[in-house]
Amino acid sequence: MAALAAPTRAEALSLFRSLLRTAKQFSDYNIREYTRRRAADAFRENRALPDAPAAAAAFAEGKKQLEVAKRQAVVYSLYAPKSKSVMELKVQ
């Protein structure tokens, strides 16, 4: 079995931006913020992985999570909440 190559910095940043873009697609504030926060936490946690196979495994897991988030965004868009969250209401 061939060793997996570590993703480049550009590939990792591209995955991170894709996760953040996908998070913006959720209409529910709580889910949107959870997805954004979870992506940032995962990247922060995996920032200094010691070797290429571990980095490649984390990158592959990130790509799987991106696909899950994209599917969930579609499902959640079908059942969008009727009213906004208290966090989204503008203060006058």
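As the structure is a computational prediction, the values presented were derived from the model and not from experiment. Position 1 is the first residue of the sequence, and the numbers go up from there.
Although no hydrogens or angles enter the test, the distance criterion places no donor-acceptor pair under 3.5 Å between the side chain of Arg36 and the main chain of Ala23. Listed for the Ser14 side chain is no donor-acceptor partner under 3.5 Å among the backbone atoms of Ala10. Side-chain atoms of Glu33 never come within 3.5 Å of backbone atoms of Asn30 as a donor-acceptor pair (strictly under, hydrogens ignored).
Between Ile31 atom CD1 and Tyr76 atom OH the span is 3.5 Å, to the nearest 0.5 Å. Note that the CG atom of Asn46 and the CG atom of Leu49 stand 4.5 Å from one another [nearest 0.5 Å]. For the atom pair CG of Leu66 and OG1 of Thr35, the computed distance is 11.0 Å after rounding to the nearest 0.5 Å. In this structure, CD in Gln25 is found 12.5 Å from CD in Gln72, a value given to the nearest 0.5 Å.
Hydrophobic clustering of Ile, Leu, Val, Met, Phe, Trp and Tyr side chains at less than 4.5 Å, counting indirect connections, unites Phe59 with Leu19.
One finds no salt bridge joining Glu67 and Lys64 here, because no Lys/Arg side-chain nitrogen approaches an Asp/Glu carboxylate oxygen to under 4.0 Å.
By the salt bridge (charged side-chain N to carboxylate O under 4.0 Å, His left out) test, Arg44 is found to be paired with Asp41, residues two or more places apart in sequence or in another chain being considered.
Side-chain atoms of Arg17 and Leu13, non-hydrogen and from C-beta on, do get closer than 4.5 Å to each other. With a 4.5 Å cut-off on side-chain heavy atoms, Phe43 and Leu15 count as touching.
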